[in-house]
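No hydrogens, no waters, no symmetry mates; every other heavy atom, side chains included, goes into these values.
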Amino acid sequence: MRFSEILKSSLATMRMNGRRTFLTMIGIVIGIAAVITIMSLGNGFQKETMDSLTDDKEGRVSQNLLFQPTDQNFDASKTKVYTPQDIQLVEDFEGVSEAKVDDEDNGMPTNVTVKIGKETKSQPVRPFKETSDNLVAGRNLNPSDSESYARNVLISQNLAEKYFGQAKEAVDKNLNINGKNFTIVGVFDSQGPATNESVGAFSISTGPEIKMPAKTMEIYNLIDRGSLSLKVYFEEGVDSKKIMDDIVDKLNSEGSKMQKGQYMFFDMSKMLEGVGDTLNMVTYFISAVAGISLLIAGVGVMNMMYISVSERTQEIGIRRSLGATQSNIQKQFLFEGIAITTVGGVVGYILGILLAHLIASFLPFGASVDFGTALLAVLISVLIGIVFSVFPARAAAQKNVVDILR
């Protein structure tokens, strides 16, 4: 028999036993859908977390260069730790795409003293050239606030409700910061506990409760320059740790503050690698647990195929008497098993994608589906069809024709 005839015969048999085929296929559909859903959500979670940790819209790997003063007379609050010459020296290294001080856009939080009535408390404030927050009331900061050194601030919803009762009541009110009155122009959505901001799926206590125009913070000496670091961005595929080692050596011998302290760096790539490995392990482990359902579904396929062989004994005998070989019979039953699992795999893959996107709509990160996941689903389906159909197919092929027709 030709391959096309064997395949056509296998599909025709599946249609004749449609209900049984459908019920057998359900296990494969559920198993594949579960694996695809979990892997898609896991990949989306990992992508969101890694993007948050790289802190760059282009997804570039970055490292933080730090300066530790050793001279007791060095006042870091009155001078820039990194001069333009230092930054240029860093950017001249091959593999470095950009270097900038953290307070050029969104600086490091600085604790300030906030006084409302008789209550005085320390709160984190961060400089911004402009903001684009989700607002509960008021407006965002714009570039003119910074350029005009305006004493305007945004405060968090947590802070507004604590001091003023409601967010809208805080707008246009004064907030005393380090002895000076600042006007509250807007209230931004806190999205979680006070002083916490979300990084991927993790919560880190670095979020500002107050946002202030960058130049306003600078003119009122609210920027703690000593705590700032230099963020170095790298081109794709380079060894960031080796480059950072060379940069640190260069700055410690030629940097503008080499006599006042020591330059060092925090190896962000190690943390990113560790987070990535952990997320991969969690995703693969959960997928392996979901894969148990595929094993059970495979046993169901094998059981159905053995029943099919038993019920079609006379058909096998007639085919053999008309010239069909053992190989033809084995291929027919094997193709039936593979067809059931492959169709179930494709349906399960589509269902898994839909479920992943549906679940992701309720989560702070999206689902991520790639070609490798689709290929994996098809390969697993075909493999299950082969492994769990080969023995029933062999049993059908080895039936004695004389005994069948007797």
Side-chain angles (χ1 to χ4, degrees), residues 3-4 6-11 13-15 17-18 20-47 276-306 308-309 327-360 366-397:
F3 173 79
S4 59
I6 295 175
L7 183 59
K8 187 183 298 183
S9 176
S10 300
L11 294 176
T13 303
M14 288 173 59
R15 283 195 298 271
N17 299 280
R20 180 190 297 171
T21 301
F22 173 73
L23 293 174
T24 305
M25 197 181 294
I26 286 178
I28 300 295
V29 171
I30 293 174
I32 292 294
V35 172
I36 295 301
T37 300
I38 292 170
M39 291 192 69
S40 299
L41 291 174
N43 290 337
F45 174 77
Q46 180 175 352
K47 184 176 182 297
D277 290 344
T278 301
L279 294 176
N280 281 332
M281 287 179 62
V282 171
T283 301
Y284 293 147
F285 173 76
I286 298 176
S287 298
V289 173
I292 294 175
S293 64
L294 291 176
L295 179 63
I296 298 172
V299 174
V301 171
M302 178 180 285
N303 182 56
M304 192 212 79
M305 295 303 297
Y306 270 120
S308 180
V309 170
S327 176
N328 294 143
I329 299 299
Q330 184 168 335
K331 286 178 182 178
Q332 179 180 348
F333 282 91
L334 186 61
F335 287 163
E336 287 181 21
I338 294 175
I340 291 173
T341 56
T342 302
V343 172
V346 173
V347 174
Y349 173 73
I350 296 172
L351 180 61
I353 292 176
L354 295 176
L355 283 174
H357 285 288
L358 177 63
I359 295 172
S368 178
V369 183
D370 53 23
F371 175 75
T373 306
L375 184 62
L376 178 65
V378 175
L379 289 178
I380 290 176
S381 303
V382 173
L383 183 62
I384 291 174
I386 294 174
V387 171
F388 289 97
S389 300
V390 66
F391 293 108
R394 184 175 297 174

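- Contact of the Phe333 side chain with the Ser308 side chain is registered, since non-hydrogen atoms from C-beta on lie closer than 4.5 Å.
- Each of Ile384, Leu383, Val390 was evaluated against Val387; a single residue qualifies, Leu383, per the side-chain contact (heavy atoms from CB on, under 4.5 Å) test.
- Rounding to the nearest 0.5 Å places CD1 of Ile350 at 11.0 Å from CD1 of Ile36.
- Of the possible polar contacts, one joining the Thr37 side chain to the Ala33 backbone as a donor-acceptor pair under 3.5 Å is found.
- Other residues, nucleotides and ligands place no more than 12 heavy atoms under 6.0 Å from the CZ atom of Phe391.
- Taking CE of Met305 as the start and CD1 of Ile340 as the end, the distance is 6.0 Å to the nearest 0.5 Å.
- Here Ile329 contributes atom CD1 and Arg394 contributes atom CZ; the two are 15.5 Å apart, rounded to the nearest 0.5 Å.
- The two residues Leu41 and Ala356 have their closest heavy-atom pair at CD2-O, 3.5 Å.
- Atom CE of Met25 is separated from atom CD1 of Ile32 by 12.5 Å, given to the nearest 0.5 angstrom.
- The nearest pair of heavy atoms linking Ala367 to Ala360 is N-CB, 3.6 Å.
- Of the possible polar contacts, none joining the Ser389 side chain to the Ile386 backbone as a donor-acceptor pair under 3.5 Å is found.
- To the nearest 0.5 Å, atom CG of residue Leu295 and atom CZ of residue Phe388 are 5.0 Å apart.
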